[in-house]
Amino acid sequence: MGKKILVIEDEQNIVDILVFNLTREGYDTLEALDGEAGLCLALEQDPDLILLDLMLPKLDGFQVCRRLRERGNTTPVIMLTARDAETDKVSGLDLGADDYITKPFSIRELLARIKSSIRRTDMLTQPQAPSAQRLELGRIQVDTSSMMVYKDGKSLELTQREYELVKLLASHPGQVFSREVLMEQVWNYEGYMGDVRAVDVAIRRLREKLEDDPAGPKFIVTRRGRGYAFHG
Ligand code: CA
């Protein structure tokens, strides 16, 4: 059965475009043209993801998102905002939306975000195989059940993405991962062709937490022109 996506948006032409493209990608869709109806559908139908417009009649996107989270609902929400300024405001408020996209957006970009959100949720809810709960790599340990990374027995304060980077690299010691592959595997952008500098930025931050000397990394090494590899 296809994943179910709830579209809460008051502009009918945008709803039509979204539903057409989502259906073509194999998703089931639900529609609501105002915040109140959207909130009801979200609670009754338990969709896998919600596309939520910010400016809506009855209840706006802020209120819908807040009420969902107040009820303990954890369905991923991608907020649709009309301007960058709105996006700044929304992300600053931290209402529990998982992602934001600014109108006008490309359908391709939106579909990539949707896929990424759904895959992330699936991964969090899938039980881990018990045999793969702890990776021992010399001074570094990765505990996949608690999602913690330890260095010399001390836990490191990593973001979810940093954890996923370490986990992937450390699961295949010595193997070189290109930026594009890391972008796909860790950021979940399938067939990613765009800017991969985000990987370099993330690796730099990670090294500051992981390495004895971030300028001369020993655990996560750069393979010039090819990518990154982990050495335990
Ligand atoms: Ca609107």
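All ligand and atom numbering here is 1-based and tracks the order in the structure. Residue numbers run from 1 in the order of the sequence given.
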Identify every side-chain donor-acceptor pair in residues 41-50 under 3.5 Å, counting partners at least two apart or on other chains, and give the distances.
unit_1 : atom_1 : unit_2 : atom_2 : d
Asp48  : OD2    : Lys4   : N      : 2.7

Asp16 vs Gln12, side-chain hydrogen bond (donor to acceptor under 3.5 Å, both in side chains): CA-CA, chis, key distance, verdict: CA-CA 6 Å; Asp16 292 344; Gln12 186 69 55; 3.0 Å; yes
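- The side-chain hydrogen bond (donor to acceptor under 3.5 Å, both in side chains) pairs that include a residue from residues 29-40 number zero, where partners must be two or more places apart or lie in different chains.
- By the ring-ring contact (aromatic ring centres under 6.0 Å, His included) test, Phe177 is found to be paired with His172, residues two or more places apart in sequence or in another chain being considered.
- Side-chain atoms of Tyr228 and Arg179, non-hydrogen and from C-beta on, do get closer than 4.5 Å to each other.
- Shown are the protein N/O/S atoms under 3.0 Å from the Ca ion (ligand 1), given by residue and atom: Asp10 OD1, Asp53 OD2, Met55 O.
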Evaluation steps, salt bridge (Lys or Arg N to Asp or Glu O under 4.0 Å), between Lys103 and Asp53: CA-CA 10 Å; Lys103 296 179 193 173; Asp53 184 30; 3.0 Å; yes
